[in-house]
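Worth knowing before you read on, the calculation uses all heavy atoms, side chains too, and leaves out hydrogens, waters and symmetry mates.
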Amino acid sequence: MQIGTAYYLSPDGPAAQKPYVLLRKALERSSRVAVARYSMRDRERLGLLRVVGDVIALHQMRWPDEIRPTSAVPAPADVDVTDGEIDAAAELASVWRQAGSSCRSSATPTAMLSRRLLPRRRRAR
């Protein structure tokens, strides 16, 4: 699956207000997204619903037959990476995830990069 275009949704009329708010608040409270089938331009599609601010966003998802096969993508060249670099990258992703959930961490992604991945500079004499 691949996520495509995003659309902001709003309730259509007074009768749709309560179900819309109920779905939005349920998604917020559970910290989850919902998968939905919808029709657009005479075609059935699959979408991902998530809360953005006070609205629900519908992210179009692509069906497998709409996605280019991996065999059509050139593979990356052989690159040597160390276990330490992989650990630092995983820790960096963890800090980004925590920052995204409003965690107040003293370890910023930039500080981690400079500590873990960038070589130490030597002082000029």
Side-chain angles (χ1 to χ4, degrees):
M1 285 287 171
Q2 180 180 4
I3 296 178
T5 309
Y7 302 94
Y8 293 120
L9 306 179
S10 65
D12 187 21
Q17 297 286 327
K18 188 168 185 173
Y20 180 90
V21 171
L22 184 61
L23 176 61
R24 182 178 49 103
K25 289 189 180 279
L27 290 173
E28 277 179 327
R29 184 177 290 175
S30 67
S31 297
R32 294 185 182 225
V33 298
V35 176
R37 281 195 315 193
Y38 66 99
S39 180
M40 180 185 281
R41 297 182 186 93
D42 296 326
R43 187 166 186 191
E44 185 177 89
R45 298 192 179 271
L46 192 61
L48 182 82
L49 299 174
R50 72 180 184 102
V51 177
V52 178
D54 287 336
V55 298
I56 297 174
L58 170 67
H59 296 274
Q60 179 183 8
M61 296 176 72
R62 306 267 182 206
W63 292 101
D65 65 333
E66 298 175 314
I67 300 172
R68 175 171 65 161
T70 57
S71 60
V73 179
D78 278 342
V79 177
D80 292 329
V81 292
T82 65
D83 285 338
E85 290 171 326
I86 296 169
D87 291 341
E91 190 175 342
L92 181 60
S94 175
V95 168
W96 280 337
R97 183 177 58 244
Q98 290 173 357
S101 64
S102 301
C103 177
R104 293 188 176 135
S105 174
S106 61
T108 64
T110 305
M112 285 191 59
L113 272 175
S114 61
R115 281 198 313 267
R116 295 286 196 140
L117 299 177
L118 300 178
R120 295 187 186 268
R121 293 186 184 188
R122 294 182 182 170
R123 291 185 181 183
R125 292 184 184 195

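- The same ILVMFWY cluster, assembled from side-chain heavy atoms under 4.5 Å apart, contains both M40 and I56.
- A chain of hydrophobic side-chain contacts below 4.5 Å, direct or via other Ile, Leu, Val, Met, Phe, Trp or Tyr residues, connects Y7 to V51.
- Across all non-hydrogen atoms, the minimal contact from R45 to Q60 is NH1-NE2, 2.7 Å.
- Annotation for E28 and G53: closest pair OE2-O, 3.8 Å, computed over non-hydrogen atoms.
- Between A57 and V52, the shortest heavy-atom distance links the atoms CB-CG2, 3.7 Å.
- Taking all atoms of both residues into account, the shortest heavy-atom contact from P11 to A16 is CB-O, 3.6 Å.
- Contact record, G47 with M61: C-SD, 3.9 Å, taken as the closest heavy-atom pair.
- Under a hydrophobic clustering in which Ile, Leu, Val, Met, Phe, Trp and Tyr are joined whenever their side-chain heavy atoms come within less than 4.5 Å, directly or via other members, V55 and Y38 fall into the same cluster.
- Looking only at distances, a side-chain donor or acceptor of Y20 sits under 3.5 Å from a matching main-chain atom of L9.
- Here the closest non-hydrogen pair linking V81 and I86 is CG2-CD1, 3.9 Å.
- To the nearest 0.5 Å, atoms CG (L23) and NZ (K18) are separated by 14.0 Å.
- Using a 4.5 Å cut-off on side-chain heavy atoms (C-beta onward), L27 and R50 make no contact.
- Distance check: L49 CG to R24 CZ gives 13.5 Å after rounding to the nearest 0.5 Å.
- Taken together through direct or relayed side-chain contacts under 4.5 Å among Ile, Leu, Val, Met, Phe, Trp and Tyr, Y8 and L48 form parts of separate hydrophobic clusters.
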